[in-house]
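Take a look at the structure set out below.
Given the structure is predicted, the values throughout are model-derived calculations rather than measurements.
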Amino acid sequence: KTTIETLIKQLSKVQIQDYEKQSKESVLSLIKSLKTQYETVKNDFEITQKKVLDFETEKNTISGSQQTLSEVLKDTQNVLFQSQNEIDGLLLNNNFESEKWVAEILKNTLDIDAERKAIEDFRNNLKNAQEQLQILRKDYENLTYDAEKHEAVLLKIVEISEKLNFQRKEEGRIDGLLKKAQEDLAKKTTLLNEQEKLEIREKHLADLGTLFRGNGFVDFVSSVHLQNLCNNANVRFHKMTRQQLHLELGDDNSFWVRDVLNGGRSRLLKTLSGGQKFQAALSLALALADNIHTLTESKHNFFFLDEGFGSLDRDSLQVVFETLKSLRKENRIVGVISHVEDLQQEIDRYLMVKNDEELGSVISIIN
């Protein structure tokens, strides 16, 4: 309303006399300026009118919110009043002086879980005690107290206590004896261990004494080397015999063979078949070559196999050649001398010797 009154006062009527002396251009310029002002005023009016509508909408919204908040406030006050009454009732029922006292208690650092456990334990103990009390009351409901019996029981307790003390003293004495016996047993065990070590040492000294008599030491060293040779030979001998035969060294340094698939029986090496003998000899030869190669630190390892293949069947021959081929990976060269024609299929390059009536022995290289 104030804006409307102000705008009415600002209105002025146009008098033609005021513009008679002015030029057309100035009047047109003034008209243009007034139109511009009019448009500005019109826009301001529309904006103001829109703001008024917005203010009305906002006013209605605020009024609705105010009413809602008033209702919420009223409900909250009711809840607060009820909560306060409930707090006052809880304080009274639990013997708390005031809320301030509860707040002071809550400021203390308490282990809630431990306190709850303690309370639960107390309740359980109380419950058990009450149940036990009821049982005792039920069991001794018809019994009466007898002073003489009570006195007799007390005397019996004293007598039992004296016996118990005596037994405890005996227990202590027996514990001492037991402790001493355990110490003596430990000493005996130590002495027996030392005795065993001394007996072993005596036996070793006796063995050394025996070894240094005559050729005993030489036989001992030979046995050690032959046993190592036998162990190394078994690596290939097991593979050739498909884990059936095992080389062993006898007491007189003779070679024995244990038949694993025939009850583990032992027999002399010379009892084997021709093919098995060749396999054993080849395994021992390869093991001996390994030993020599290690001792001499030689970079080359070359040896010949002269015959022996004729006694092998086709499967055994195949196993032997697979073993010989594997030696190539160990940088070894093996020369084979044989009349078995099947070997030609396994050897890529060889020398063939033929007898000629005119020329004699003729050597030809076969690739």
Side-chain angles (χ1 to χ4, degrees), residues 221-250 253-261 267-367:
V221 174
S222 300
S223 298
V224 172
H225 283 284
L226 285 175
Q227 185 62 53
N228 293 334
L229 182 67
C230 187
N231 294 336
N232 294 333
N234 274 321
V235 176
R236 291 188 175 91
F237 190 56
H238 288 167
K239 184 177 180 181
M240 291 182 184
T241 61
R242 295 180 175 85
Q243 310 298 327
Q244 181 178 357
L245 300 178
H246 177 77
L247 288 172
E248 293 182 354
L249 190 66
N253 290 339
S254 60
F255 287 105
W256 290 70
V257 176
R258 186 175 298 278
D259 194 343
V260 179
L261 299 183
R267 51 179 172 157
L268 286 172
L269 183 62
K270 62 183 180 180
T271 61
L272 297 177
S273 63
Q276 291 174 337
K277 283 182 182 179
F278 177 77
Q279 290 175 339
L282 177 60
S283 299
L284 289 170
L286 292 175
L288 183 60
D290 291 339
N291 193 12
I292 295 174
H293 180 69
T294 302
L295 293 176
T296 60
E297 297 182 356
S298 175
K299 296 181 180 180
H300 303 286
N301 200 346
F302 179 81
F303 60 92
F304 275 100
L305 294 178
D306 188 2
E307 293 298 346
F309 298 97
S311 59
L312 299 178
D313 55 22
R314 184 174 298 274
D315 293 338
S316 299
L317 186 65
Q318 184 65 30
V319 173
V320 171
F321 260 91
E322 289 178 358
T323 304
L324 295 177
K325 288 180 179 179
S326 65
L327 296 178
R328 295 180 181 177
K329 300 179 181 179
E330 302 176 14
N331 194 21
R332 295 185 180 182
I333 302 174
V334 180
V336 178
I337 301 174
S338 178
H339 296 82
V340 179
E341 295 182 357
D342 291 340
L343 298 179
Q344 299 177 5
Q345 300 177 0
E346 302 292 342
I347 299 177
D348 299 333
R349 186 176 185 183
Y350 57 90
L351 300 177
M352 181 176 289
V353 181
K354 292 184 178 180
N355 290 326
D356 189 272
E357 296 180 356
E358 298 179 357
L359 301 177
S361 298
V362 178
I363 300 175
S364 57
I365 300 175
I366 307 298
N367 292 325

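- The side chain to side chain donor-acceptor pair (under 3.5 Å) check on Asp259 picks up nothing, with sequence neighbours excluded.
- Evaluation of the side chain to side chain donor-acceptor pair (under 3.5 Å) rule for Gln227 yields Asn231 as partners, not counting sequence neighbours.
- For Gln243, the side chain to side chain donor-acceptor pair (under 3.5 Å) criterion is met by no residue, not counting sequence neighbours.
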Val257/Leu247 under side chain to side chain contact (heavy atoms under 4.5 Å, CB included): CA gap, chis, key distance, verdict: CA-CA 5 Å; Val257 176; Leu247 288 172; 3.8 Å; yes

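- A distance of 9.5 Å separates CZ of Phe237 from SG of Cys230, quoted to the nearest 0.5 Å.
- Take His238 and apply the ring pair (Phe, Tyr, Trp, His ring centres under 6.0 Å) test, not counting sequence neighbours, and it matches His246.
- Shown here are the side chain to side chain donor-acceptor pair (under 3.5 Å) partners of Arg258, two or more places apart in sequence or in another chain: Glu248, Ser266.
- Under the side chain to side chain contact (heavy atoms under 4.5 Å, CB included) criterion, Ala281 pairs with no residue at all, not counting sequence neighbours.
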Might you work through the side chain to side chain contact (heavy atoms under 4.5 Å, CB included) test for Leu272 and Leu245, ending with a clear yes or no? CA-CA 10 Å; Leu272 297 177; Leu245 300 178; 4.2 Å; yes

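- Residues satisfying the side chain to side chain contact (heavy atoms under 4.5 Å, CB included) criterion with Val224, sequence neighbours excluded, are Phe220, Asn228.
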Would you sort out whether Ile365 and Leu351 count as a side chain to side chain contact (heavy atoms under 4.5 Å, CB included), showing the intermediate values? CA-CA 5 Å; Ile365 300 175; Leu351 300 177; 3.4 Å; yes

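- Partners of Asn355 under the side chain to side chain contact (heavy atoms under 4.5 Å, CB included) rule, at least two apart in sequence or in another chain, are Ser361.
- Atom CG of Leu284 and atom CG of Asn291 lie 12.0 Å apart (nearest 0.5 Å).
- In terms of the side chain to side chain contact (heavy atoms under 4.5 Å, CB included) criterion, residue partners of Leu226 (sequence neighbours excluded) are, by chain and number, Leu229, Leu249, Asn253, Phe255.
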